[in-house]
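Okay, structure first, notes after.
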Protein chains: 2
Amino acid sequence: MPSETSFGWQDARDEALRRIRARDWPPGELIPNEADLAAEWGCARATVNRALRDLAEAGLLERRRKGGTRVVLTPLRKATLEIPVIRQEVVARGATHGYALIDRAPGPGPAEVCRRMGLAAGTGLLRVRALHLSDGAPHVYEDRWLNPAAVPAVLDLDLARVDANSWLVQNVAFTRGDLALGAVAADAAIADALRCAPGSAVFAMERITWTADQAITLVTQHYAPGYRMKTSF
Amino acid sequence: MPSETSFGWQDARDEALRRIRARDWPPGELIPNEADLAAEWGCARATVNRALRDLAEAGLLERRRKGGTRVVLTPLRKATLEIPVIRQEVVARGATHGYALIDRAPGPGPAEVCRRMGLAAGTGLLRVRALHLSDGAPHVYEDRWLNPAAVPAVLDLDLARVDANSWLVQNVAFTRGDLALGAVAADAAIADALRCAPGSAVFAMERITWTADQAITLVTQHYAPGYRMKTSF
DNA sequence: GTGCTTATTATGTATAGACATATTATCCGA
DNA sequence: TCGGATAATATGTCTATACATAATAAGCAC
């Protein structure tokens, strides 16, 4: 990027950011339009556009055609958290990843599970419970429901050798997902798998992934007590 | 956007996405360069550039100057979660927000807290414990350390009337923050505030916010049992 | 071959100009 | 005054062109 030569879009973004922070452009107020800013900063309107678009994506500005651009009243910050593929996450930490299948059971899904997956009650699903280890210690216990109608191949998968998590990521293209985070008290199954006391506070991440309105899988991953998911914003 | 008339950047993105999903462009492989795609799709290179840049930001493509663009091996999905301002979050749900200050205590911060905030051990901080209510029921218990050196005004704030969360968002421009999510067992203070049994599994969000290398606040928010933080990706 | 310099190449960015589109403001008639 | 048509306007996007930059490949001296 021409840093010395010209006023680039990052310079424009930084300057706009500075004005927002300095209350030079107060919260809730309109800021000058792109053409004026471009003239003031000596750059093209497209440059200003990109800068302001970037700040709008970050949640600091609100832009409307004809309405102009205004500073958002209460900047709702957004953090992006990477949805971990357990194996990768463990290996990336320099630890060794272990995996053990606990249970694999085809059969009709419970009403609640089918409902959440947008399926008729009693649809045939594949339930898989498994444990991920990090350096030999229990790390994540996952309880998963797979939809064979969406991914027939899972029925032939050797889930004792490959974990569903890794396999799905590499073999199924999903379009979107819903995610819920929370804390649960470890029940017997969880406590047993993670080798912690029943009732322990466990961090849980539930996901449903979809490919064009068809649910692929619903999974709840329970992390060993003490785990913290970190990110920045 | 000219939807019928010309091939816009969203069209380009969708087509690229289709090819990725269809394994038309297999994982790990190079894709044609921007100029070729522009020629193929009958649009300008800038249009292709914006489309591919968008997919790269989404984590589906990897781009390098001269190296070209390749499909990422294991698409690490990213979810963006909005960092809630409790009051807003409650009100947005249509519930009434309540707030009660539990404790306000200036004094030297514990060594661990100071260390995490990048301050010398024993620095004077302001500790604030408070409870947020949703429709009268305990919702979030927050335990906060404020750095008066960064925000002197907090010492004169009437924290019995305004909650630090809302006040900070509207009055202090921070540049970045670190965030950690986890589950903890409710200790006496938490259980008492949230009116739940001691030892209950509680969802906890810890944040440190910074403004140019100076820590503003370190806060841990404990959500009432059963709370789930939701988002999509 | 090793290490250096020099091309080559794909992406990154800036620009002016043009048109599209959403929204607001204005005007006018009933 | 109300409602609807119309003008005005700020952002959204596309284009063609140009140059910058990073990273690789090629060439070359030793």
Side-chain angles (χ1 to χ4, degrees), chain A residues 1-17 19-20 24-73 75, chain B residues 1-17 19-20 24-73 75:
Chain A
M1 63 205 85
S3 42
E4 316 248 4
T5 58
S6 74
F7 193 82
W9 74 270
Q10 307 211 24
D11 299 316
R13 190 198 47 188
D14 291 349
E15 174 58 15
L17 196 54
R19 295 190 184 187
I20 293 169
D24 214 353
W25 292 340
E29 289 296 296
L30 270 179
I31 73 172
N33 69 38
E34 295 184 349
D36 290 349
L37 287 174
E40 183 188 339
W41 291 336
C43 63
R45 185 168 78 87
T47 304
V48 177
N49 181 281
R50 176 147 184 207
L52 299 187
R53 185 155 37 84
D54 194 67
L55 290 175
E57 268 168 31
L60 288 161
L61 293 175
E62 249 173 3
R63 327 192 68 204
R64 293 172 58 186
R65 284 177 177 179
K66 161 81 181 172
T69 302
R70 59 181 67 242
V71 180
V72 125
L73 229 17
Chain B
M1 64 208 82
S3 41
E4 318 246 6
T5 57
S6 73
F7 192 83
W9 73 271
Q10 309 211 24
D11 300 316
R13 189 197 48 187
D14 292 349
E15 174 58 15
L17 196 53
R19 295 188 183 186
I20 294 169
D24 214 353
W25 291 340
E29 289 296 296
L30 270 179
I31 72 173
N33 68 38
E34 295 184 348
D36 290 349
L37 288 173
E40 182 189 340
W41 291 337
C43 63
R45 184 169 78 88
T47 304
V48 177
N49 181 281
R50 176 147 186 207
L52 299 188
R53 186 155 36 85
D54 194 66
L55 291 175
E57 267 167 33
L60 287 162
L61 293 176
E62 248 174 1
R63 328 193 67 206
R64 291 170 59 186
R65 283 178 175 175
K66 159 81 181 175
T69 301
R70 59 180 68 240
V71 180
V72 121
L73 228 20

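In this text, all values refer to a predicted model and were calculated from it rather than measured experimentally. Here is the naming used below: chain letters follow the sequence lines, and residue numbers restart at 1 for every chain. Because only heavy atoms are used, hydrogens play no part in the values below, and waters and symmetry mates are left out as well, while side chains stay in.
- Regarding B/L30, its CG atom lies at a distance of 13 Å from the C1' atom of C/dT11, rounded to whole Å.
- Dashed line: the shortest gap from a side-chain N or O of A/T69 to OP1 or OP2 of D/dT11 is under 4.0 Å.
- Between A/C43 and B/A35, it is B/A35 whose nearest contact on DNA chain C lies nearer the 5' terminus.
- For the atom pair CG of A/D36 and CH2 of A/W41, the computed distance is 11.0 Å after rounding to the nearest 0.5 Å.
- Of the side-chain N and O atoms in B/R63, one or more sit less than 4.0 angstrom from OP1 or OP2 of C/dG12.
- B/N33 has its CG atom 18 Å from the P atom of D/dA23, to the nearest Å.
- With values rounded to the nearest 0.5 angstrom, B/I20 atom CD1 is found 10.5 Å from B/E15 atom CD.
- In this structure, CD1 of A/I31 is placed 7 Å from P of D/dT11, rounded to the nearest angstrom.
- For the atom pair CD (B/E62) and CG (B/L30), the distance works out to 10.5 Å, reported to the nearest 0.5 Å.
- Taking atom CG of A/L61 as the reference point, atom P of D/dT11 lies 11 Å away to the nearest angstrom.
- For the pair B/A44 and A/P32, nearest-nucleotide mapping onto DNA chain D gives the more 5' position to A/P32.
- Between A/T69 and the options A/R53, A/R63, A/R64, a side-chain hydrogen bond (donor to acceptor under 3.5 Å, both in side chains) holds for only A/R63.
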Could you pull out the protein-nucleic contacts involving nucleotides 23-27 of chain C (nitrogen or oxygen on both sides, under 3.5 Å)?
from	atom 1	to	atom 2	distance (Å)
C/dT23	O4'	A/R65	O	3.3
C/dT24	OP1	A/R64	NH2	2.5

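- Atom-to-atom, CH2 of A/W41 to C1' of C/dA14 comes out at 15 Å; the value is rounded to the nearest Å.
- Considering B/L61, B/L60, B/D54 as possible partners of B/L17, the one that fulfils the side-chain contact (heavy atoms from CB on, under 4.5 Å) test is B/L60.
- Using a 4.0 Å cutoff on non-hydrogen atoms, the parts of residues 47-59 of chain B near DNA chain D are B/T47, B/R50, ordered by number.
- Between A/Q10 and C/dG12, a side-chain N or O to OP1/OP2 separation shorter than 4.0 Å is absent.
- Taking both residues in full, the closest heavy atoms of A/V71 and A/W25 are given as CG2-O, 3.6 Å, listed atom of the first, atom of the second, then distance.
- Rounding to the nearest 0.5 angstrom, the gap separating the CZ atom in A/R70 from the CD1 atom in A/I31 is 10.5 Å.
- Remark: A/L73 CG to A/E29 CD distance equals 9.5 Å, nearest 0.5 Å.
- Rounding to the nearest 0.5 angstrom, the gap separating the OG1 atom in B/T47 from the CG atom in B/L37 is 11.5 Å.
- Map A/R45 and B/A46 each onto its nearest nucleotide of DNA chain C; the residue landing nearer the 5' end is B/A46.
- Remark: P of C/dA22 and CD of A/E62 are 18 Å apart, rounded to the nearest angstrom.
- One interatomic measurement links the two molecules: CD of B/E34 to C1' of D/dT17, which rounds to 15 Å at whole-angstrom precision.
- Separating the CH2 atom of B/W9 from the C1' atom of D/dA16 is a distance of 21 Å, rounded to the nearest angstrom.
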